[in-house]
Amino acid sequence: MPGVTPSQTVGPFFHDALLAEDQTRLVDEEYPGAIRLHGTVYDGAGEPVPDAMVEIWQADSRGRYPHSDAPLKASEDSESFTGFGRSGTDWEGRFGFVTVKPGRVPGPKGTDQAPHVLMTVFARGLLKRVVTRIYFPDEEASNAADPVLLTVQEDLRYTLVAEPGAGGLRFDVRLQDGPGGEPETVFFSV
């Protein structure tokens, strides 16, 4: 019988290939309503992941995506608003973006989704990216009716809600359950 196959990991290779351009500002810091969205990526040992790459994409404050194929065009939120951001993590696993709070976007069956930011995390040890959502803490009523958030186990929904703080909104990503009982961030199949 053959022995155990050694585990394999992918990367890290993102920093050299994709992080040369600063894409952490979806709007200028001086833009009215600009917010800072930041956090840390943790592994299953509860350690920061220093070489992950985080991408976000979102609608503008009126719930419109800046994509030529999207039925709703970006508004005048900011001429520089891209709706997309990319950040590497530093040696302490930290990432950060300057953006705007998105508006509500249409959901299934005529519903509206709560304001949210979509996030993808690439990290060593992951053969595929993981995808999650960031919801806003001041949107309790909208969050309670969000058709996607309602599909998540109720006691884990809080892992998808950013926390307010002095430095802006904080959203930590836990790639696995932590050693102190911290639950893995909810990820979605796409």
Side-chain angles (χ1 to χ4, degrees), residues 24 26-27 31-42 44 46 52 54-67 70-78 81-87 93-121 123 128-178 180-190:
T24 61
L26 285 71
V27 294
Y31 185 78
I35 59 172
R36 179 164 164 69
L37 180 62
H38 64 99
T40 302
V41 177
Y42 294 100
V54 176
E55 293 179 344
I56 63 170
W57 64 102
Q58 66 172 87
D60 66 15
S61 63
R62 296 191 331 171
R64 298 176 186 229
Y65 289 99
H67 189 278
L72 300 174
K73 304 282 187 214
S75 69
E76 66 281 357
D77 260 339
S78 169
F81 179 74
T82 61
F84 174 80
R86 179 180 286 151
S87 174
R94 299 176 300 198
F95 63 89
F97 298 96
V98 177
T99 187
V100 293
K101 180 180 173 183
R104 299 180 74 157
V105 297
K109 300 178 181 176
T111 61
D112 281 335
Q113 298 182 56
H116 66 276
V117 173
L118 299 163
M119 173 182 274
T120 292
V121 179
K128 294 181 176 181
R129 65 185 176 142
V130 290
V131 177
T132 190
R133 287 176 163 217
I134 305 169
Y135 288 90
F136 291 81
D138 61 342
E139 292 285 345
E140 288 184 25
S142 296
N143 292 345
D146 182 82
V148 175
L149 196 54
L150 288 174
T151 66
V152 174
Q153 186 178 315
E154 187 173 358
D155 62 338
L156 294 177
R157 291 178 191 161
Y158 79 93
T159 69
L160 301 178
V161 180
E163 298 177 7
L169 291 173
R170 182 178 182 93
F171 184 79
D172 291 336
V173 177
R174 298 190 182 283
L175 297 173
Q176 295 176 309
D177 292 340
E182 305 89 351
E184 176 183 299
T185 300
V186 172
F187 300 111
F188 297 93
S189 296
V190 291

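By convention here, the first residue in the shown sequence is residue 1.
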Task: Considering all heavy atoms, the nearest Ala162-Ile134 contact - done: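 Of all heavy-atom pairs spanning Ala162 and Ile134, the closest is CB-CG2, 3.9 Å.
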May I ask you to test the [X]-[Y] pair for a side-chain heavy-atom distance under 4.5 Å?
X	Y	value
Met119	Arg133	no
Arg129	Glu55	no
Thr99	Val117	no
Leu175	Val41	yes
Leu169	Pro164	yes
Val98	Thr24	no
Asp146	Glu139	no
Phe187	Val173	yes

Look up atom [atom1] in [X] and atom [atom2] in [Y], then write down how far apart they are to the nearest 0.5 Å.
X	Y	atom1	atom2	value
Lys101	Ile35	NZ	CD1	8.0 Å
Arg170	Thr40	CZ	OG1	4.0 Å
Leu26	Asp60	CG	CG	11.0 Å
Trp57	Arg86	CH2	CZ	11.0 Å
Phe188	Thr120	CZ	OG1	12.0 Å

Looking only at atom types and distance, does a side-chain atom of [X] sit under 3.5 Å from a main-chain N or O of [Y], one as donor and one as acceptor?
X	Y	value
Gln113	Arg104	no
Gln58	Pro115	no
Asn143	Ala114	no
Asp172	Gly39	no
Arg36	Gly96	no

- [ ] Using the test side-chain contact (heavy atoms from CB on, under 4.5 Å), find all partners of Leu156 that sit at least two apart in sequence or belong to another chain.
- [x]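 Checked Leu156 against side-chain contact (heavy atoms from CB on, under 4.5 Å); matches are Val152, Gln153, Pro183, Val186.
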Open item on the list: If the condition is salt bridge (charged side-chain N to carboxylate O under 4.0 Å, His left out), which residues does Arg174 pass it with, not counting sequence neighbours?
Closed with: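 Per chain and number, Arg174 pairs via salt bridge (charged side-chain N to carboxylate O under 4.0 Å, His left out) with no residue.
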TODO: Identify, with sequence neighbours excluded, every residue that meets ring-ring contact (aromatic ring centres under 6.0 Å, His included) alongside Tyr135.
DONE: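 For Tyr135, the residues satisfying ring-ring contact (aromatic ring centres under 6.0 Å, His included) (neighbours in sequence not counted) are His116.
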Task: More than 12 heavy atoms from other groups under 6.0 Å of CD on Glu140 - done: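 Result for CD/Glu140: open.
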Task: Sole residue of Phe171, Phe84, Phe95, Phe97 in side chain to side chain contact (heavy atoms under 4.5 Å, CB included) with Ile56 - done: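 With Ile56 as partner, side chain to side chain contact (heavy atoms under 4.5 Å, CB included) holds for just one option, Phe97.
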